[in-house]
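All ligand and atom numbering here is 1-based and tracks the order in the structure. All residue numbers in this chain count up from 1 along the given sequence. Side chains included, hydrogens not; waters and symmetry mates left out as well; all remaining heavy atoms used.
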Amino acid sequence: MATVETADTAVAEESGVRRRDFINIAAVSFAGAGAVATVFPLVNQMNPSADVLALASIEVDISAIEAGQAIKTSWRKQPIFIRNLTAEEITEANAVDVAELRDPETLAERTTAGKENWLITLGVCTHLGCVPLGAAQGEIKGEFGGYFCPCHGSHYDTAARIRKGPAPANLEVPEHEFLSDTVVKIG
Ligand code: FES
C-alpha cells in the first residue's frame with residue numbers, strides 16, 4: 001500500500017513538475033512573443049527592402065513617428081534621420097533670417113510642399129562626418145533644437161541647418177518622395 005502511495009505520489013509529483021514546466025515554458029514563450037512584438041516595429045523600419053540591397057532606394061513606413069520624434073535608418077550605408085517636426089519647430093525654423101545663415105536655405109526648400117513637418121536628412125555632420133546627436137529620444141539637440149555634433153561642437157537648427165560650430169553646410173537632404181501619407185521613398 002505504501003508502495004502504491006509512493007508511486008502515486010511520484011506520478012503526481014512528476015505530473016506537477018510537468019505542469020510547472022509547461023507553465024514556465026508557456027510564460028517564457030509569451031514573454032518571447034511579447035519581446036518580438038515590441039521589437040518588430042523598430043526592426044521593421046530599418047529592415048532593408050529589396051531596393052536597398054541594390055543600393056538604390058529604400059521605402060520607410062513613417063506612420064509611427066509622432067510629432068517631435070525622429071528615427072534613424074540607413075540608406076546606401078549612411079545614417080538617415082527622419083524627423084516629424086512639431087508646429088513650434090516649424091515656426092522656429094521659419095522665423096530665422098535665411099540671409100544670415102552660413103548655408104542659406106529655407107525649411108520649405110529642404111522639405112516637400114505640404115509636408116514641411118517631415119525633415120529627412122543624412123545623419124552625417126558636414127564637418128568631418130560624425131553622426132550628430134538629436135534623433136534618438138533623450139539625446140541633446142544642441143543650442144538650436146535640431147542636432148548637435150559632439151565631435152567638434154556643430155549645432156544644427158530645427159531645419160537641420162548649420163548655425164554654430166565648424167561644419168560648413170547644412171545636413172544634406174537626400175532625394176526623397178512620399179509614396180503615400182505614411183511611406184516615403186529615399187533615393
Ligand atoms: S565632425 Fe561634426 S563638428 Fe566635426
Side-chain angles (χ1 to χ4, degrees), residues 39 41-49 51-62 64-113 115-178 184-187:
V39 168
L42 298 175
V43 171
N44 194 36
Q45 286 176 339
M46 302 188 70
N47 217 15
S49 63
D51 286 340
V52 81
L53 295 177
L55 299 178
S57 62
I58 54 170
E59 292 179 13
V60 185
D61 181 351
I62 55 173
I65 310 171
E66 295 179 4
Q69 292 183 331
I71 64 160
K72 298 178 188 179
T73 183
S74 65
W75 169 66
R76 295 184 183 171
K77 299 181 181 175
Q78 299 188 93
I80 292 280
F81 296 161
I82 301 178
R83 187 160 173 168
N84 187 356
L85 298 173
T86 62
E88 292 75 22
E89 288 170 330
I90 292 171
T91 301
E92 201 176 314
N94 289 334
V96 174
D97 181 357
V98 175
E100 292 183 359
L101 294 175
R102 189 177 301 170
D103 183 7
E105 274 186 316
T106 63
L107 177 64
E109 289 168 336
R110 295 171 57 72
T111 53
T112 300
K115 295 188 180 298
E116 288 84 359
N117 58 311
W118 290 110
L119 180 65
I120 300 172
T121 63
L122 297 192
V124 179
C125 181
T126 57
H127 180 221
L128 292 176
C130 288
V131 178
L133 301 172
Q137 195 168 15
E139 286 184 351
I140 57 171
K141 296 178 177 177
E143 291 180 22
F144 298 87
Y147 298 105
F148 171 69
C149 182
C151 289
H152 313 93
S154 284
H155 298 252
Y156 297 86
D157 67 13
T158 57
R161 298 171 298 198
I162 184 63
R163 299 293 297 278
K164 183 177 176 183
N170 304 332
L171 292 189
E172 183 181 339
V173 175
E175 186 181 332
H176 63 275
E177 158 189 21
F178 286 86
V184 63
K185 181 175 132 185
I186 299 171

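- A donor-acceptor pair is defined here as one N or O able to donate and one able to accept, closer than 3.5 Å; such a pair exists between the side chain of Asn170 and the backbone of Ile162.
- Judged by distance alone, the side chain of Arg110 and the main-chain N or O of Thr121 form no donor-acceptor pair under 3.5 Å.
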* To do: Go through Ile71 and Val60 one step at a time and tell me if the side chain to side chain contact (heavy atoms under 4.5 Å, CB included) criterion holds.
  => CA-CA 10 Å; Ile71 64 160; Val60 185; 4.0 Å; yes
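- Taking the six-membered ring where the residue is Trp, His152 and His127 present perpendicular rings, their angle passing 60° and hence far from 30°.
- A donor-acceptor pair under 3.5 Å links the side-chain atoms of Arg102 to the main chain of Ala167, judged by distance alone.
- Closer than 2.8 Å to atom 4 (Fe) of ligand 1 sit the protein N, O or S atoms His127 ND1, His152 ND1.
- Phe148 and His155 have tilted rings, their planes meeting at an angle from 30° to 60° on a 0 to 90° scale.
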